[in-house]
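Worth knowing before you read on, the calculation uses all heavy atoms, side chains too, and leaves out hydrogens, waters and symmetry mates.
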Amino acid sequence: MEFKKTIGYNIFSAIKRWKITAAMFLFDVLFGACLFAGAKLFDTIFEHNETAFVGTTGGYILLLGYFLIIILAHSFFKYCLFDCFTQIEKSQERKEERKTAEKFVFKKLGLFYAWNVVMYSVLGFVGGSLYLFFTVSLIAVLKTPALILLTILMGGGGYLFVQTSHIVFFQNNFKGKELSLKEIPKKVWQSWEAKRVGRWIGWNLIWGAVFFAVYFLLYLGVMTIAQKAATDATAMMEFYVLNVIIFVFLVLFCYFLLLWNRIYLLLSFSQDL
């Protein structure tokens with residue numbers, strides 16, 4: 001297989017297009033800022049009216065409002081990412097096959113928001129019900145491993161379902177086609193071929209192994225320097241610098257993994273949609 005035709009090469013090529021990467025980073029930062037602002041607003045309102053909200057209808061309405069606002073922010077910024085998805089797809093096409101760029105509009109944002117509200121509500125209900133069932137029904141010796149397994153399966157499966165459903169929406173409703181919300185799950189299941197999902201899992205296992213290998217080496221360095229840091233000013237400075245490096249590494253790697261999965265799923269799962 002020619003290396004330039006692999007998904008891995010195409011992903012790195014897309015990430016190297018700094019305008020696309022910068023736009024995605026900007027939308028992610030803005031969404032993170034909305035999450036932080038929403039959480040602070042919710043905490044402030046709840047803290048000053050705790051008695052009125054705990055166990056009351058008003059409290060549940062406030063929680064529902066917070067949920068709907070967060071989903072709205074998520075839907076808006078993810079919808080904005082669809083324009084980046086269009087640019088990534090165009091960059092993978094040969095010049096003679098490239099299509100005329102469509103004007104970015106928010107015409108289907110309301111439909112996308114409705115889908116996210118329904119989807120996250122269902123996922124939350126299913127996940128919460130399974131967690132409660134395992135907590136109540138299992139004996140103590142099985143409870144912890146079962147809950148860990150549930151978290152892994154619900155986390156990985158939920159993430160894959162959310163991302164592929166967004167790709168289905170992007171490939172259909174965002175591009176001027178018509179696809180009802182009830183048809184999205186069917187399209188998602190059809191795209192979940194064993195080989196395709198297996199490759200996605202395999203790539204994440206590889207990146208996970210790379211992460212732990214680098215992190216372990218940095219951790220060994222910190223432990224070695226920490227033994228001298230208490231009595232050596234130079235070692236103390238090196239200790240702080242290495243901790244900063246580890247923190248920066250964690251942030252950059254996590255965001256790289258987010259970008260990798262986002263673009264990988266787009267290029268891999270959108271082929272037959």
Rounded at 0.5 Å granularity, tell me how far [atom1] in [X] sits from [atom2] in [Y].
| X | Y | atom1 | atom2 | value |
| --- | --- | --- | --- | --- |
| Cys34 | Ile69 | SG | CD1 | 10.5 Å |
| Ile20 | Leu81 | CD1 | CG | 11.5 Å |
| Phe134 | Leu142 | CZ | CG | 10.5 Å |
| Lys19 | Gln87 | NZ | CD | 10.0 Å |
| Trp200 | Asn261 | CH2 | CG | 6.0 Å |

Check the angle between the aromatic planes of [X] and [Y] and answer parallel, tilted or perpendicular using the 30° and 60° thresholds.
| X | Y | result |
| --- | --- | --- |
| Trp207 | Trp203 | parallel |
| Trp115 | Phe161 | tilted |
| Phe82 | His166 | perpendicular |
| Phe249 | Phe253 | tilted |

### Query
For Thr135, does its backbone N or O pair with a side-chain atom of Lys143 as donor and acceptor, under 3.5 Å?
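Judged by distance alone, yes, a pair lies under 3.5 Å.
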### Message
Any side-chain to backbone donor/acceptor pair from Asn172 onto Leu179? Under 3.5 Å, distance only.
### Response
no
### Task
Check the pair Leu72 / Leu68 against side chain to side chain contact (heavy atoms under 4.5 Å, CB included), numbers first and verdict last.
CA-CA 6 Å; Leu72 176 60; Leu68 294 176; over 6 Å; no
I want to check something: taking the side chain as every heavy atom from C-beta on, are [X] and [Y] in contact at a cut-off of under 4.5 Å?
| X | Y | value |
| --- | --- | --- |
| Ile184 | Leu181 | yes |
| Tyr113 | Val117 | yes |
| Phe170 | Thr86 | yes |
| Glu89 | Ser270 | yes |
| Phe169 | Lys108 | yes |
| Leu257 | Phe211 | no |
| Asn173 | Val168 | no |
| Ile225 | Met236 | no |

### Query
How far apart are the C-alpha atoms of Arg199 and Glu193, what are their side-chain angles, what is the distance that settles it, and do they pass the side chain to side chain contact (heavy atoms under 4.5 Å, CB included) test?
CA-CA 10 Å; Arg199 285 177 178 173; Glu193 297 177 359; over 6 Å; no
Same apolar cluster (I L V M F W Y, side chains within < 4.5 Å links), [X]/[Y]:
| X | Y | answer |
| --- | --- | --- |
| Tyr215 | Val251 | no |
| Trp18 | Val29 | no |
| Leu132 | Phe125 | no |
| Ile201 | Leu258 | yes |
| Leu64 | Leu35 | yes |

### Task
Any chance you could lay out the salt bridge (Lys or Arg N to Asp or Glu O under 4.0 Å) test for Arg262 and Asp28, step after step, and finish with the verdict?
CA-CA 12 Å; Arg262 180 181 288 164; Asp28 289 332; 3.1 Å; yes
Of the non-hydrogen atoms in [X] and [Y], which two are nearest, and what is the gap between them?
| X | Y | value |
| --- | --- | --- |
| Ile246 | Leu218 | CG1-CB, 3.7 Å |
| Cys84 | Phe27 | SG-CE1, 4.2 Å |
| Tyr79 | Lys107 | OH-N, 4.0 Å |
| Ser75 | Leu109 | O-CD1, 3.8 Å |
| Ala14 | Thr21 | O-OG1, 3.8 Å |

### Query
Any chance the rings of Phe112 and Phe174 have centres within less than 6.0 Å?
no
### Query
Do Phe106 and Phe76 have ring centroids that are under 6.0 Å from one another?
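Phe76 vs Phe106: aromatic centres under 6.0 Å.
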### Query
Side-chain donor-acceptor pair under 3.5 Å between Trp260 and Asn204, yes or no?
no
Any chance [atom1] of [X] has more than 12 other-residue heavy atoms, nucleotides or ligands included, within less than 6.0 Å?
| X | atom1 | value |
| --- | --- | --- |
| Tyr240 | OH | no |
| Phe77 | CZ | yes |
| Phe133 | CZ | no |
| Phe212 | CZ | no |
| Phe25 | CZ | no |

### Task
Could you walk me through whether Leu160 and Val188 pass side chain to side chain contact (heavy atoms under 4.5 Å, CB included), step by step?
CA-CA 10 Å; Leu160 183 60; Val188 171; over 6 Å; no
### Message
Does Met24 form a side chain to side chain contact (heavy atoms under 4.5 Å, CB included) with Tyr255? I'd like the steps, not just the answer.
### Response
CA-CA 11 Å; Met24 289 193 288; Tyr255 191 71; 4.2 Å; yes
### Residue pair Tyr120, His74: steps toward the side-chain hydrogen bond (donor to acceptor under 3.5 Å, both in side chains) verdict
CA-CA 11 Å; Tyr120 285 116; His74 171 65; 2.9 Å; yes
